[in-house]
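Here is the structure we will look at.
So you know, we letter chains A, B, ... as the sequences are listed, proteins then strands, and number each from 1.
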Number of protein chains: 2
Amino acid sequence: MSVPLYQAKAEMFRTLGHPVRIRVLELLQNGPRPVRDLLAEIDVEASNLSQQLAVLRRAGIVTSFRDGTLVMYALSTTDVADLLAAGRRILGAVLTDRDGLLVELRAQK
Amino acid sequence: MSVPLYQAKAEMFRTLGHPVRIRVLELLQNGPRPVRDLLAEIDVEASNLSQQLAVLRRAGIVTSFRDGTLVMYALSTTDVADLLAAGRRILGAVLTDRDGLLVELRAQK
DNA sequence: TTCGAAGCTGCAGAAATCTTCAACTCCCTC
DNA sequence: GAGGGAGTTGAAGATTTCTGCAGCTTCGAA
């Protein structure tokens, strides 16, 4: 497997590694949305949101198009939903483990 | 949904956002491996690999245990394989799109 | 008990990423 | 065609992450 491929994969994941960007992707799972909607739900400055959207756009994870006065964003592929779901599962497993340890720790005392 | 949850998800993905860490996880998909094996395959300094393994350990994505003179690492949950697979699919979709554009661009000239 | 192999950790300089501000573009509507 | 709403962009300072070095611990063998 070529070395740059790991680079590409890592960049893919890193692109998702930001709370605002995760939030955007979760909102876009329900279909295309205008920036103004995202802005209304995400509590971040407009310019900051734009920056994060640009990161997702450059990575090819979302696409954007203008609809009259609004700019719409959409997931570029539905596979993104799978990725987020897999992430949730891992987080669940990890947190369960930790809670398990926590319980164990308490019982131990 | 609680705000810190986005933080946790983002951290999860960011943890995967490094070429060496991706490489490690892919190698661990085939079962537990000693550090020396990883080191033999990954072309990185030992201390650097240790740092990256520590990142994965802290995130709860891998676990480690000592086996005599060696330290073994393993995935903490098999869900990680799903995540990597989903990542590969997205990368495939994105690159295909780009190649499509590239072809289009050439045809256009 | 001393030595070497296998890893880990602390740290510091280098590099990448974040956030915010100011300025800018586009497209309606009047 | 002037004004304003909706977003984007560029840049700079602040923060975070990465990398490599030096030194340390642990375990097994001699």
Next on the checklist: On DNA chain C, compare the nucleotides closest to A/Glu45 and A/Gly17; which residue's is nearer the 5' end?
Outcome noted: A/Gly17
Checklist entry - Under 4.0 angstrom, heavy atoms only, what part of the nucleic acid is A/Ser50 near: base, sugar-phosphate, or nothing? => result base
Next on the checklist: Given D/dG20, C/dT9, C/dC27, identify the nucleotide with an atom nearest to the side chain of B/Ala54.
Outcome noted: C/dT9
Checklist outcome for this item: Among C/dC21, D/dT8, C/dC8, the one nearest any side-chain atom of A/Ala46 is D/dT8
Item to check | First of B/Gln52 and A/Pro34 reached from the 5' end of DNA chain D, by closest nucleotide | outcome: A/Pro34
Next on the checklist: Looking at B/Arg21 and B/Glu26, is there a salt bridge between them, counting it only when a charged N and a carboxylate O are closer than 4.0 Å?
Outcome noted: no
Checklist entry - Which nucleotide sits closest to the side chain of B/His18: D/dC21, D/dT19, C/dG7? => result D/dT19
Checklist entry - Do B/Arg14 side-chain atoms and A/Leu16 backbone N/O form a donor-acceptor pair below 3.5 Å? => result no
Item to check | Which nucleotide in C/dT17, D/dG7, C/dC8 has an atom nearest any side-chain atom of A/Val71 | outcome: D/dG7
Checklist entry - Which part of the nucleic acid, if any, lies within reach of B/Asn48 when heavy atoms closer than 4.0 Å are counted: base, sugar-phosphate only, or nothing? => result sugar-phosphate
Next on the checklist: Measuring from the side chain of B/Thr69 (C-beta onward, heavy atoms only), which nucleotide among D/dA11, D/dG28, D/dG7 has the closest atom?
Outcome noted: D/dG28
Checklist entry - Sub-3.5 Å donor-acceptor pair from the side chain of A/Ser76 to the main-chain atoms of A/Thr63, do we have one? => result no
Next on the checklist: From C-beta outward on B/Ser47, which listed nucleotide comes closest to its side chain: D/dT8, C/dG7, D/dG20?
Outcome noted: D/dG20
Checklist entry - Can you find an N or O donor on one side and an acceptor on the other, under 3.5 Å apart, linking the side chain of A/Gln51 with the base of D/dG7? => result no
